[in-house]
Amino acid sequence: MDSLEKQLICPICLEMFTKPVVILPCQHNLCRKCANDIFQASNPYLPTRGGSTVGSGGRFRCPSCRHEVVLDRHGVYGLQRNLLVENIIDMYKQETISTSSKVELEQKPGVLMCEVHEDEKINIYCVTCSAPTCSLCKVFGAHQNCEVAPLNTVYESQKLEMSESVAMLVGNNDRIQAIITLLEESCRTVEENGRRQKSHVCEAFDHLYALLEERKGELTLKISSEQQEKLDYIKGLQRRYTEHLDKSAKLVETGIQTMEEPEMAVFLQSAKPLLQKVSESRNTSHLEKLERGYENMDHFTANFQPERRAILKIDFIKGPWWNTQQQHTVQDYRKDRYMAM
């Protein structure tokens, strides 16, 4: 028995396993509470609620072999219970209690004797005082005026009452265990529902981001189109003015060379056509001029205030109908589940 007891000791709390007992992938066993404690110690930044870690998985190392245990979204509640070890613990405790009871019975005398009349056996039961006593106590002692009954009659009656009470308590414990199991299932359902709804919200926002990106591309394309159109026009105008300036510069150079001509006849021969060209070059009326404010792009200013207010008003649908439906749904669900038990 001693060697068996050593095999039923938890390596964390160093006491006999406390149910529920979970088995790790490496085949070592832990109390689920101890597994949760070591899991929280290994994952200190995961949120907790009610002493249990709330999250989507994690990992810790087996205290016996240091094997890494990877948990799923249920945490330590996702580990398999070792019902065999739990049954062995129950059998061991029952055997221990049975052995202790036998030892106590062996140490005690077979028949109880009256404390007042030491030579008299306890053979009747005082109903008034709710205590076993002897016949002399009824005739001469403290129980003269009390109502008494045969010891075996009271024994059978109270033994039957005790048996029924224990049976009722066992049934009540089974119902409580069923409720605990239901609550554990409800926790997992709430976690799954919350995870699903968060996924829906993220998906909806991702769609909004895509729409905003698409609309942003359309608006910036309009700006870029007009921007390029204006740049092309200005650069073309700049090119024409540059060409006109180059021609005027060449005329200036030609005029200077003509004025340096010493022969009057040669000078007069080329002066008149040159003067005509200079006069034409001074005329810039044929060149377009840039309109005032042509560079302005303020007409592309957009008003985002209505959209901003609309985005800030995004919220969950929780009207009176929704609250009533949710309340009825929860009540009906609980009623159906508890009635089933």
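Along the sequence shown, the residues carry numbers beginning at 1. Because only heavy atoms are used, hydrogens play no part in the values below, and waters and symmetry mates are left out as well, while side chains stay in. If you're wondering where the values come from, they're calculated on a predicted model, not measured in any experiment.
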Q: Check whether any side-chain heavy atom of S163 lies under 4.5 Å from a side-chain heavy atom of K159, and answer yes or no.
A: no
Q. Any side-chain heavy-atom pair from Q197 and F316 closer than 4.5 angstrom?
A. no
Q. Is a side-chain N or O of K230 found less than 3.5 angstrom from the main chain of N296, in a donor-acceptor match?
A. yes
Q: Could you check if a side-chain atom of N29 sits within less than 4.5 angstrom of a side-chain atom of V85, using non-hydrogen atoms only?
A: yes
Q | Closest non-hydrogen atom pair between T258 and F267, with its separation | A | O-CD1, 3.2 Å
Q. Okay, side chain of T220, backbone of K216: is any donor-acceptor separation there less than 3.5 Å?
A. yes
Q: Measure from the side-chain N and O atoms of H74 to the backbone N and O of R188, and report whether any donor-acceptor pair falls under 3.5 Å.
A: no
Q. Do H67 and H28 have ring centroids that are under 6.0 Å from one another?
A. no
Q) Does one hydrophobic cluster hold both I176 and L182, with members joined at side-chain heavy-atom distances below 4.5 Å? A) no
Q | Nearest heavy atoms of C31 and T18, plus distance in Å | A | SG-N, 3.2 Å
Q. Is K198 paired with E191 through a side-chain N to carboxylate O contact shorter than 4.0 Å?
A. no
**Q.** Flag side-chain contact, heavy atom, 4.5 Å: C134 against K121
**A.** no
Q.
Between K250 and D246, does any side-chain N to carboxylate O distance fall below 4.0 Å?
A. no
Q. Does E218 CD have over 12 foreign heavy atoms under 6.0 Å away?
A. yes
Q | Carboxylate-amine/guanidinium proximity below 4.0 Å for E68 and R59 | A | yes
(Q) With a sphere of 6.0 Å drawn around CE of M91, does it hold more than 12 non-hydrogen atoms of other residues, nucleotides or ligands? (A) no
**Q.** Flag side-chain contact, heavy atom, 4.5 Å: Q94 against I97
**A.** no
Q) Below 4.5 Å, heavy atoms only, C-beta onward: do L30 and C10 meet side chain to side chain? A) yes
Q: Determine, step by step, whether E86 and K93 satisfy the salt bridge (Lys or Arg N to Asp or Glu O under 4.0 Å) criterion, reporting the C-alpha distance in whole Å, the side-chain angles of both residues, the deciding distance to 0.1 Å, and the verdict.
A: CA-CA 11 Å; E86 293 182 6; K93 289 182 178 180; over 6 Å; no
**Q.** Atom of L290, atom of E295 and distance for their closest heavy-atom approach
**A.** CD2-OE2, 3.8 Å
Q: Please answer whether the main-chain N or O of E185 pairs with a side-chain N or O of T189 as donor and acceptor at a distance below 3.5 Å.
A: yes
Q: Compare every heavy atom of Q7 with every heavy atom of F17, then report the nearest pair and how far apart it is.
A: CE1-O, 3.9 Å
Q: Following the transitive rule for hydrophobic clusters with a side-chain heavy-atom cut-off under 4.5 Å over Ile, Leu, Val, Met, Phe, Trp and Tyr, establish whether V148 and V154 coincide in one cluster.
A: no
Q. Does some side-chain heavy atom of T133 sit less than 4.5 Å from a side-chain heavy atom of Y125?
A. no
Q) If we ignore angles and hydrogens, is there a donor and acceptor under 3.5 Å between the side chains of E288 and Y233? A) yes
Q) Is a side-chain donor-acceptor pair under 3.5 Å present for Q228 with D232? A) yes
Q | Carboxylate-amine/guanidinium proximity below 4.0 Å for E243 and R240 | A | no
**Q.** F205 atom CZ, over 12 foreign heavy atoms within 6.0 Å
**A.** no
(Q) Tell me if the NZ atom of K289 is crowded by more than 12 foreign heavy atoms within 6.0 Å. (A) yes
(Q) So does L83 get a backbone contact from the side chain of N87, meaning a donor-acceptor N/O pair under 3.5 Å? (A) yes
Q) Taking side chain as C-beta onward, heavy atoms only, is I23 less than 4.5 Å from L79? A) no
